[in-house]
Amino acid sequence: MPQVRIVAKNFMDMVASLPTMKLDKLYENAFICEAILRSLPPLAKKYVLQLLFIDIPVTAKSMEEWVLADGFSKHKVAIDRLIQLRVLSETVDRKKDTTYRLNPMFQLNIQKHIVHGGILPREPMPSNITVRIPSLEELDAYAIRQWECFLLHLISSGEAEKTTNISPSMMKVFQRGLLSQKDDKEPPMLTESGFQFLLMDTNAQLWYIIREYITHSEDRGVDSADLISFMLELSFHVTGEAYNVNTLNDIQRSIIRDLADLGLVRLQQGRKDCWFIPTKLATNLSICLADTSARKQGFVVVETNFRMYAYSTSKLHCEILRLFARVEYQLPNLIVGAITKESLYKAFLNGITAEQIISFLQQNAHPRVAERIPSVPENVTDQIRLWESDLNRVEMIPSHLIDEFPSRDVFEAACDFARECGGLLWESSQKMRLVVKGESFPQMKEFLRRQKQ
Amino acid sequence: MSPPVPSKLLTDDVSLIMVLIDTNPYFWSSIESNFTFAKFLSHVLAFLNSILLLNQLNQVVVIATGFNSCSYVFDSSISVSPRAESLLPKLEEFVENDESLSQDNGSVDGVGSSLLSGALSMALCYIQRVFRSGPLHPQPRILCLHGSPDGPGQYVAIMNSIFSAQRSMVPIDSCVIGSQHSAFLQQASYITGGVYLKPQQMEGLLQYLLTVFATDLHSRNFLQLPKPVGVDFRASCFCHKSTIDMGFICSVCLSIFCRRQKKCSTCGSVFGQTQTQQDPSSSDLKRKTPSSS
């Protein structure tokens, strides 16, 4: 099955790729230590806990004794990740014994958190100043609405009713890699990774966007380390509480405006003060850094007659389904469509593979059908695969045609050589011509030169 | 036997830990070393905080096991504060309540046992509710921080809880804080595949907790954890609730008795007369020996 995740562990890599100085500085912030700890693989988390109150270096040998033989590869992965993030520092002494110890700053921060408890990144505003604070449900609805609006903008700017305030240049940055435009007249097409992006759960999508946002922060003159630490700090705020915007610095204030467009925070203006209210999306930021599996309830029912019923009110879902199915009618809470040969061909032409479509249907199967095995009828999945293989009946191989051989002997020898190295595609002894694979052409050239001498 | 839900829906290390803390005042006053209840609690709170720190989906529920009663004192999923310290007021209230119940009952001889069976049943009830809440739930396990000696009177109830935990694939970890090994907890951990440990140095309780009991079920497949050295399999008889290593077993319902009975008090079957002439040490006398301990 194809990897539906295009951003598996990129956050970790991103932090790990920061220069040493910046990374060490990041660990001075207790929230970052916390977020990093949460994003580690389970075994690595366990090691951090185990080493937390040990102040002397621990030898690699004694750490190896902690694991069973089965878990050795996991152990290696965990240790490597810890070293990569500079949570563990490795020293090799004169006797060639490797010892590890926790980053002192990191260790201190986590110890403090466990024993004394964490502090809030900033105090929420008292409720007598703030007015019209939305309820948690309203806030969730707001966040989802903002996010879907943003996604609709992202895939087809014409479909969205509302406009977002995200600058077109930022939008271009987000769209890069997800959409491709052959020429200016045609509307941009969704690429393969763009489709994968739409299939991911919200947290993963969010992280992809945030990652793009962070990587291009330097263009706007914002330090990426500052941005990362602010984002992580934001994830430790309490959902639904109001925080004064005045507590932020100038850079953070401009960031928070962008985040409001993505639905991470809701900005409200009071009589005197302006405040932001983090939504669930913001507080989930540090969750989506970890490799959690998708936790979303499905909505699609596919029947054996290729009809598809999607119980969803979301316009975005409709747009996604439209990518590979013919949407027939839309009711307030139901989208009815059919998977047809034509609709699938359109999808295949856009670079979406049959496996992706099938895994999308399976992952988003309605709870009623999700219990059944298979959740998508077999005849439908088989047919989707068959239609895809129909398109691939002709295989393209880059190749070279060689002709005008000086003699039949040279031709025969060349044919034999090509056959030996497995590059012969076609030969015609009458016309003394042969076709070889592109990759074996340099060898052929070399061979023919030797024949000439 | 299969787990109630396919485990592929769960993330690897998201766990629900039911922590049972022993608050038996008779036990804590009997401890000679300077490891007081306050110290114990500070270690446990640090442990709970570290569990909550590891993953924001982790859930911790604390059940206080008193002398006369037991009660939920903390549930991180409904608690206002994400910190385990917020259990303190409720714990204090519980201890007072528990004490007032004791006064009605009159005096107790010795340390007395705490209500482990009740706490285990409460933990299992909670876990069953989580199982039924939907296909996405954390992986549950039970951790008993227990010090009071076993109460043979609770034998049947505890064994039933253990088997029910085994059926729903919930491991019971036990960390014995008292000076004596606990046969009940040894059996509980052995049967459910949990870890049984009696720390040598009480001062380092937190390190024991972090090293052994903080391990999530997924990582347990890869790590060396303390193995049982010996399990005391002795049972309690149903008639006088005393621990026995030899006794009589009803051939119909498997109830255990320390003395010959004419009729089984559990299922009412009348035992045959023929065996009365025989020496009691033969046929229906079954020996249950401790493997070592």
Side-chain angles (χ1 to χ4, degrees), chain A residues 30 33-35 37-54 64-75 77-78 109-120 235-236 238 283-297 367 370-371 373, chain B residues 5-15 39 41-58 80-88 134-139 203-227:
Chain A
C33 298
E34 221 172 298
L37 179 65
R38 284 183 175 172
S39 67
L40 291 170
L43 209 56
K45 285 182 188 175
K46 176 77 203 347
Y47 289 164
V48 171
L49 274 195
Q50 210 155 333
L51 294 170
L52 197 56
F53 289 94
I54 299 177
E64 275 164 26
E65 278 167 16
W66 294 350
V67 283
L68 298 169
D70 284 359
F72 197 72
S73 59
K74 295 248 176 194
H75 171 80
V77 170
N109 273 326
I110 299 284
Q111 275 181 3
K112 253 198 222 151
H113 179 94
I114 286 181
V115 180
H116 304 293
I119 23 147
L120 287 171
S235 71
F236 286 92
V238 182
T283 44
N284 280 355
L285 255 183
S286 59
I287 300 183
C288 56
L289 313 185
D291 237 2
T292 48
S293 44
R295 290 168 166 255
K296 208 161 60 171
Q297 203 169 31
E371 293 153 20
I373 297 171
Chain B
V5 283
S7 56
K8 67 174 163 96
L9 288 172
L10 306 173
T11 49
D12 287 346
D13 66 331
V14 179
S15 15
K39 268 190 194 165
L41 214 54
S42 66
H43 285 230
V44 173
L45 288 180
F47 168 71
L48 297 180
N49 282 332
S50 64
I51 295 288
L52 292 173
L53 173 70
L54 282 188
N55 195 319
Q56 44 276 79
L57 298 172
N58 276 358
V80 199
S81 147
R83 308 278 309 169
E85 279 83 359
S86 55
L87 68 83
L88 292 172
L136 302 172
H137 58 73
Q139 295 211 44
E203 304 298 316
L205 181 65
L206 180 58
Q207 188 63 37
Y208 285 105
L209 291 175
L210 291 179
T211 311
V212 179
F213 298 107
T215 321
D216 58 274
L217 298 185
H218 173 73
S219 302
R220 289 187 187 200
N221 301 328
F222 317 115
L223 286 173
Q224 298 269 16
L225 289 170
K227 292 198 179 62

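Protein chains get the first letters and strands the later ones, always in sequence-line order, with residue 1 at the start of each. Because the structure is predicted, anything quoted here is derived from the model rather than measured.
- For the options B:N49, B:L53, B:L210, B:L52, heavy-atom pairs under 4.5 Å to chain A are most numerous at B:L53.
- With a 4.5 angstrom heavy-atom cutoff, A:E65 touches chain B only via backbone atoms.
- Contacts between A:Y47 and chain B at a heavy-atom distance below 4.5 Å involve the side chain alone, from C-beta outward.
- Under 3.5 Å, the side chains of A:H75 and A:E64 contain no donor-acceptor pair of N or O atoms.
- Distance alone, capped at 3.5 Å, is enough to place a donor-acceptor pair between the A:Q111 side chain and the A:L52 backbone.
- Across A:N109 and A:C33, no two heavy atoms sit closer than the pair ND2-SG, 3.5 Å.
- Across A:L68, A:L37, A:L49, the residue that shares the most heavy-atom pairs under 4.5 angstrom with chain B is A:L68.
- Distance check, rounded to the nearest 0.5 Å: NZ of A:K46 to CG of B:L54 gives 10.0 Å.
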